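Here the structure is laid out as structure tokens; the discussion comes afterwards.
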Amino acid sequence: MRGDLPRIGFEHRVAILAGTGGSSSCPPDLAGLRLHREERRIVVRIDTGSSGPGACTDDFWRQTWVVSVRRSDVPRGDLAVRVYRAN
């Protein structure tokens, strides 16, 4: 994890972990996370950082993000999660 660990007041907030992997020469980055309360789903957008065919090395690099959101924004019960590439 880069930077300081986030401080989360778990009484009013929850932590959502999003993780993926990709090439170390064009590592993935979190482009966005959106909660859809009515549809009971979370949408995670990942930017792969690719600059065209052949731009990335053929290796695997893990990436994990921790996002803090208000507990009241998260619907109760099971959620669907959709992860897609932003670029």
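Numbering of residues begins at 1 and proceeds along the displayed sequence. Every value quoted in this text rests on a predicted model; they were computed, and no experiment measured them. The figures that follow rest on heavy atoms only: side chains count, while hydrogens, waters and symmetry mates do not.
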Side-chain heavy atoms under 4.5 Å apart, restricted to Ile/Leu/Val/Met/Phe/Trp/Tyr: what other residues fall into the cluster of Phe60, or is it alone?
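Taking Ile, Leu, Val, Met, Phe, Trp and Tyr as members, Phe60 stands alone, with no cluster partners.
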Distance in Å, Cys26 SG paired with Trp61 CH2, rounded so as to fall on 0.5 Å steps:
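Output value for this atom pair is 11.0 Å.
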Rounded to the nearest 0.5 Å, how far apart are CZ of Arg34 and CZ of Arg82?
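Nearest 0.5 Å value for the CZ-CZ distance: 12.0 Å.
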For Arg13, enumerate each residue passing the side-chain hydrogen bond (donor to acceptor under 3.5 Å, both in side chains) test, keeping only those at least two apart in sequence or located in another chain.
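Per chain and number, Arg13 pairs via side-chain hydrogen bond (donor to acceptor under 3.5 Å, both in side chains) with Ser68.
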Name all pairs fulfilling the salt bridge (charged side-chain N to carboxylate O under 4.0 Å, His left out) condition that reach into residues 61-76, sequence neighbours left out, sorted by first residue then second.
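Of all non-adjacent pairs touching residues 61-76, those that pass salt bridge (charged side-chain N to carboxylate O under 4.0 Å, His left out) are Arg70-Asp73.
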If I compare all heavy atoms of Arg40 with all of Pro75, which pair ends up nearest, and what's the gap?
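Closest pair (atom of Arg40, atom of Pro75, distance): NH1-CB, 3.6 Å.
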Give the minimum heavy-atom separation between Ala15 and Val66, together with the two atoms involved.
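Distance-wise, the nearest heavy atoms are CB-CG1, 4.1 Å.
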Who are the side-chain contact (heavy atoms from CB on, under 4.5 Å) partners of [X], not counting sequence neighbours?
| X | result |
| --- | --- |
| Asp59 | Ser23, Ser24, Thr57 |
| Val69 | Val14, Ile16, Leu35, Val67, Val74 |
| Thr20 | Pro28, Ile46, Trp65 |

Can you check side chain to side chain contact (heavy atoms under 4.5 Å, CB included) on Val43 and His36, steps first, answer last?
CA-CA 8 Å; Val43 175; His36 296 273; 3.6 Å; yes
Membership question, hydrophobic clusters at under 4.5 Å side-chain separation (ILVMFWY): are Tyr84 and Val81 in the same one?
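Per the 4.5 Å side-chain linkage, Val81 and Tyr84 are not co-clustered.
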